[in-house]
Chemist: 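Could you have a look at this structure, given as structure tokens, before my questions?
Positions are given from 1 along the sequence.
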Amino acid sequence: MTGFVVKASAILVSRSLADAPFAVDLEEAVRLDSEFYRQHIHDETMLYPGVREGLERLAPPAMR
């Protein structure tokens, strides 16, 4: 799965910078994008309403 994400990221970065009016080191741009993504992946992440309660009901008694 990771390979697909990395490849998709490289395609996205490449397309985003295709019309840049300056030379772009695509490898460096992908590296920077991946680093930023890893550092900020959970910044806006939240559970949908009711998910926590649903997971708690499904958890074995020992984990509650």
Side-chain angles (χ1 to χ4, degrees):
M1 187 68 179
T2 302
F4 291 116
V5 173
V6 171
K7 187 173 182 173
S9 173
I11 292 169
L12 177 64
V13 170
S14 174
R15 289 178 180 170
S16 297
L17 296 172
D19 295 329
F22 48 84
V24 175
D25 180 345
L26 187 56
E27 232 177 84
E28 178 68 0
V30 170
R31 187 191 69 72
L32 289 170
D33 180 69
S34 295
E35 182 180 322
F36 181 86
Y37 182 79
R38 276 193 306 276
Q39 290 174 0
H40 298 280
I41 190 169
H42 297 294
D43 288 359
E44 301 292 327
T45 301
M46 66 175 84
L47 294 174
Y48 286 104
V51 170
R52 181 180 309 280
E53 295 78 10
L55 291 173
E56 288 170 354
R57 284 199 320 257
L58 293 172
M63 294 183 70
R64 293 184 196 162

Chemist: Please round to the nearest 0.5 Å and tell me the distance separating atom CG of Asp43 and atom CD1 of Ile41.
Modeler: 9.5 Å
Chemist: Looking at CG of Asp33 and CZ of Arg38, how far apart are the two atoms once the value is rounded to the nearest 0.5 Å?
Modeler: 9.5 Å
Chemist: Should Phe22 and Leu32 be regarded as members of a common hydrophobic cluster, given that ILVMFWY residues are connected when their side-chain heavy atoms come within less than 4.5 Å of each other, either directly or indirectly?
Modeler: no
Chemist: Quick check: is Val30 connected to Phe36 through a chain of hydrophobic side chains (ILVMFWY, heavy atoms under 4.5 Å apart)?
Modeler: no
Chemist: A quick test of your reading: do over 12 heavy atoms of other residues, nucleotides or ligands sit less than 6.0 Å from NE2 of His42?
Modeler: no
Chemist: If you measure from CD on Glu28 to CD on Glu35, what distance do you get to the nearest 0.5 Å?
Modeler: 8.5 Å
Chemist: Does one hydrophobic cluster hold both Val13 and Val24, with members joined at side-chain heavy-atom distances below 4.5 Å?
Modeler: yes
